Number of protein chains: 2
Amino acid sequence: MATKPGTTMNTIDRFLSSELAGEIEFLTARTRSLGSARANKLLEPLDLKVRSYSVLSLACSGLAPTQRELAEFLSLDPSQIVPLVDQLEGRGLVERTADPNDRRSKVITGTTSGEQLYTKARKATAEGEAVAMTNLSKAEQETLRDLLSRIAFRD
Amino acid sequence: MATKPGTTMNTIDRFLSSELAGEIEFLTARTRSLGSARANKLLEPLDLKVRSYSVLSLACSGLAPTQRELAEFLSLDPSQIVPLVDQLEGRGLVERTADPNDRRSKVITGTTSGEQLYTKARKATAEGEAVAMTNLSKAEQETLRDLLSRIAFRD
DNA sequence: CTTAATCGTTGACTTTATCAAGAGTTTAAG
DNA sequence: CTTAAACTCTTGATAAAGTCAACGATTAAG
């Protein structure tokens with residue numbers, strides 16, 4: 001009963017019963033692959049990708065992240081933050097300022113135009129999220145957010 | 001009230017209140033980044049990575065996937081499947097057989113030793129998943145699985 | 001039979017990831 | 001105070017992953 005002859009079955013349905021399809025690891029990988037592809041398309045008109053958007057978002061959060069903190073929170077290597085900030089700084093969207101308490105660190109803050117762009121970009125990613133979650137009720141969406149953050153930020 | 005002076009706050013907690021931390025896109029990205037790093041470590045003794053493991057898993061599923069189907073289900077480009085199967089085939093874990101119905105396609109099936117290795121590998125990924133989900137109850141884990149698959153495989 | 005489409009494969013190219021080392025700064029030990 | 005160790009950003013090298021066009025073999029459509 002592996003395949004029903006005469007029935008046209010698409011690829012995804014064919015493998016929904018596989019053991020892999022039940023693994024959280026795989027489900028998150030596929031979810032984020034589809035999601036970031038969609039988000040990247042929506043951010044393209046703003047000349048942003050999910051990566052640069054994430055940095056811009058934290059830079060505009062008012063939390064004054066250092067590059068080290070950006071790396072840790074975004075699960076990136078510190079050396080990957082450098083070109084990301086370089087690019088945003090080159091466009092006048094963020095600024096590097098030496099942390100007065102610790103001059104080794106550089107605090108990244110959004111400029112006025114950075115915040116303006118972030119406002120638009122946030123709408124784009126919100127739209128992408130809405131598209132992704134069309135199959136879930138509002139309550140389910142909040143449940144998902146809660147469960148995911150308890151995994152992503154578990155002690 | 002951005003920072004409480006005198007209090008030592010770790011990086012993650014500092015940014016939990018950020019708008020980004022509430023985005024599903026970001027939460028799935030971070031979850032899968034941490035998860036695949038952990039899974040890769042657990043699979044390393046078996047000379048597998050999450051990628052090769054996923055291919056091996058579907059090859060051993062009894063569903064007889066073609067390379068095209070592997071690519072679609074795993075959200076990869078067909079050209080990325082080639083070296084993955086090459087490597088597994090070179091280790092005698094899977095076989096390429098021409099699809100009798102359509103000789104353009106090649107069906108990937110696990111060999112006996114492939115299935116033996118998959119059994120061990122599956123235990124490793126199950127352990128990784130268990131570690132990731134320590135903060136969630138069994139019921140919550142099933143809820144998460146359901147919600148994620150409805151996003152990952154939405155029509 | 002001819003044309004168009006599909007599958008696996010190759011190759012070129014860009015992006016992302018990983019890791020070591022260096023310059024400047026801060027912290028801790030003596 | 002001074003010296004050594006630890007930390008932050010940066011650079012550079014290298015590997016891995018992602019993207020895309022094109023080709024031979026095969027199948028489907030007209």
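We name chains A, B, ... by the order of the sequence lines, and we start the count at 1 in each one. Predicted model, so just to flag it, every value in this text is computed and none were measured.
- Rounded to an integer number of Å, the gap from Asn40(B) CG to dA17(C) C1' is 12 Å.
- Atom CD of Gln87(B) is surrounded by 12 or fewer heavy atoms from other residues, nucleotides or ligands within 6.0 Å.
- Under 4.0 Å is where a charged nitrogen must lie from a carboxylate oxygen, and between Glu142(B) and Arg145(B) at least one such pair does.
- Straight-line distance from the CG atom of Leu84(A) to the P atom of dT11(D): 13 Å, rounded to whole Å.
- Put simply, CG on Asp86(A) is 7 Å from P on dT10(D), counting in whole angstrom units.
- At whole-Å resolution of the value, CZ in Arg96(B) and P in dG8(C) are 10 Å apart.
- For the pair Glu44(A) CD and dT15(C) P, the computed distance is 12 Å after rounding to whole Å.
- Between Ile151(A) and Leu27(B), every side-chain heavy-atom pair lies at or beyond the 4.5 Å cut-off.
- Aromatic ring orientation, Phe73(B) versus Phe15(A): tilted (interplanar angle from 30° to 60°).
- Distances shorter than 4.0 Å separate none of the side-chain N or O atoms of Arg68(B) from OP1 or OP2 on dT9(C).
- Straight-line distance from the CG atom of Leu70(A) to the C1' atom of dT8(D): 13 Å, rounded to whole Å.
- Between the side chains of Glu25(A) and Tyr53(B), no donor N or O sits under 3.5 Å from an acceptor N or O.
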Nucleic acid footprint by protein, nucleotides 16-30 of chain D - heavy-atom cut-off 4.0 Å, B for base, S for sugar-phosphate alone:
-SBBB----BBS---
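- Atom pair Lys106(A):NZ and dT11(D):C1' shows a separation of 12 Å (rounding to whole Å applied).
- Using modelled atom types and a 3.5 Å distance limit, the side chains of Glu95(B) and Thr111(B) yield no donor-acceptor pair.
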